[in-house]
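The shown structure was predicted, so the numbers you read here are calculated from the model rather than taken from an experiment. Residue numbers count from 1 along this sequence.
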Amino acid sequence: VSNAGVGMAGPLECQSLAAMQSLMDTNFFGLVRLVKEVLPDMKRRRGGHIVVISSIMGLQGIVFNDIYSASKFAVEGFCESLVVQALRFNVAISLVEPGPVMTEFETKLYAEAERADYSRTDPETAEIFTKLYLRNSRDVFTSLGQTPEDIAEHTLRVIEAARPPFRHQTNVAYTPMAALKHADPSGALITDAFYKLVFKYDAVLRFGLR
């Protein structure tokens with residue numbers, strides 16, 4: 001089970017390249033290093049199961065989570081490519097895709113975001129992040145967040161499945177978001193929907209969540 005991960009949220013201009021590289025080293029290359037260690041033996045034994053804790057943000061990018069989403073997209077693409085070869089050797093790969101999870105991980109992320117320096121971006125972007133994103137994000141976590149124990153139960157079901165699924169989403173509230181993306185391959189539908197939720201109807205979004 002690959003579960004290592006760090007988060008990063010905020011305006012892109014305010015994040016250092018070194019911090020981005022460190023995040024990718026944990027979230028993506030940490031997984032790659034683990035798989036390189038365990039896969040050869042699983043192939044020799046012609047049996048095994050690699051379970052990767054991904055994220056709904058590996059399927060849909062979320063505003064102000066550019067680098068974190070990129071790392072999870074990398075995880076998804078890596079596993080999607082590898083799973084076909086792995087199946088030839090009777091090795092299963094499963095991606096567990098949670099939405100928001102109520103842990104110290106998020107608490108720390110919010111604390112860092114609130115005291116961060118936003119002087120490297122324009123005032124409008126800084127205000128959108130601090131006044132809109134942080135407020136809406138808290139509402140999302142309060143209303144839709146799962147407990148770590150819930151994610152552990154989902155992961156256990158994936159591990160114990162007779163035919164392990166390749167992808168397993170833990171939160172049905174995010175099914176419509178995934179459906180919107182698949183409904184329109186051009187990306188216009190999901191982009192327009194998110195734009196309106198963030199910039200036009202954020203009050204409706206927060207009211208609906210509550």
Side-chain angles (χ1 to χ4, degrees), residues 1-9 23-62 65 67-109 137 140-183 190 209:
V1 178
S2 174
N3 188 45
V6 292
M8 179 183 290
L23 181 144
M24 292 297 293
D25 191 50
T26 298
N27 292 11
F28 176 62
F29 288 107
L31 166 65
V32 173
R33 286 192 290 269
L34 176 65
V35 172
K36 278 175 64 69
E37 289 294 324
V38 302
L39 185 61
D41 187 58
M42 289 181 174
K43 288 166 76 173
R44 281 192 293 270
R45 289 187 287 112
R46 291 195 171 263
H49 189 187
I50 298 168
V51 180
V52 181
I53 307 301
S54 181
S55 169
I56 198 71
M57 279 193 262
L59 300 175
Q60 172 63 50
I62 302 296
N65 284 268
I67 306 305
Y68 180 79
S69 290
S71 74
K72 292 301 184 178
F73 265 78
V75 164
E76 294 273 334
F78 173 73
C79 292
E80 192 170 279
S81 175
L82 191 63
V83 68
V84 175
Q85 177 204 150
L87 287 172
R88 176 71 177 180
F89 294 88
N90 195 38
V91 176
I93 297 176
S94 296
L95 288 156
V96 178
E97 299 163 335
V101 185
M102 302 298 291
T103 67
E104 291 181 10
F105 181 100
E106 296 301 331
T107 305
K108 181 182 176 184
L109 203 60
S137 185
V140 168
F141 270 84
T142 301
S143 60
L144 302 180
Q146 295 176 279
T147 66
E149 291 77 17
D150 192 20
I151 304 304
E153 287 293 332
H154 277 272
T155 304
L156 183 61
R157 289 201 291 272
V158 168
I159 291 170
E160 293 180 337
R163 293 175 61 88
F166 175 57
R167 285 192 169 95
H168 176 82
Q169 292 182 26
T170 69
N171 195 326
V172 295
Y174 284 84
T175 302
M177 185 174 74
L180 275 180
K181 186 169 183 177
H182 289 294
I190 189 71
L209 288 170

Give me the atom names and distance for the closest heavy-atom approach of [X] to [Y].
{"X": "V158", "Y": "P164", "answer": "O-CB, 4.1 Å"}
{"X": "T170", "Y": "G99", "answer": "OG1-N, 4.0 Å"}
{"X": "P148", "Y": "V101", "answer": "N-CG1, 3.9 Å"}
{"X": "L59", "Y": "E97", "answer": "CD1-OE1, 3.5 Å"}
{"X": "M24", "Y": "A74", "answer": "CE-CB, 4.3 Å"}
{"X": "V51", "Y": "I159", "answer": "CG2-CG1, 3.9 Å"}

When you compare the side chain of [Y] with that of [X], does any pair of heavy atoms fall below 4.5 Å?
{"X": "L31", "Y": "V52", "result": "yes"}
{"X": "L95", "Y": "E80", "result": "no"}
{"X": "F89", "Y": "L39", "result": "no"}
{"X": "Y174", "Y": "P100", "result": "yes"}
{"X": "S2", "Y": "I50", "result": "no"}

| How about F166: does its CZ atom have over 12 heavy atoms from other parts shown lying under 6.0 Å from it? | yes

Straight-line distance of [X] [atom1] to [Y] [atom2], nearest 0.5 Å:
{"X": "T155", "Y": "I53", "atom1": "OG1", "atom2": "CD1", "result": "4.0 Å"}
{"X": "F78", "Y": "S54", "atom1": "CZ", "atom2": "OG", "result": "12.5 Å"}
{"X": "L180", "Y": "Q60", "atom1": "CG", "atom2": "CD", "result": "8.5 Å"}
{"X": "N65", "Y": "M57", "atom1": "CG", "atom2": "CE", "result": "4.0 Å"}
{"X": "N90", "Y": "R45", "atom1": "CG", "atom2": "CZ", "result": "10.5 Å"}
{"X": "S71", "Y": "D25", "atom1": "OG", "atom2": "CG", "result": "11.5 Å"}

| Going by an N to O cut-off under 4.0 Å, is there a salt bridge joining R167 and E76? | yes

| query | Who pairs with H168 by ring pair (Phe, Tyr, Trp, His ring centres under 6.0 Å), at least two apart in sequence or on another chain? | reply | H154

| message | One pair to check against side chain to side chain contact (heavy atoms under 4.5 Å, CB included): L82 and V35. What are the steps and the verdict? | response | CA-CA 10 Å; L82 191 63; V35 172; 3.6 Å; yes

| said: Using modelled atom types and a 3.5 Å cut-off, is there a donor and acceptor pairing between side-chain atoms of N27 and backbone atoms of V6? | reply: yes

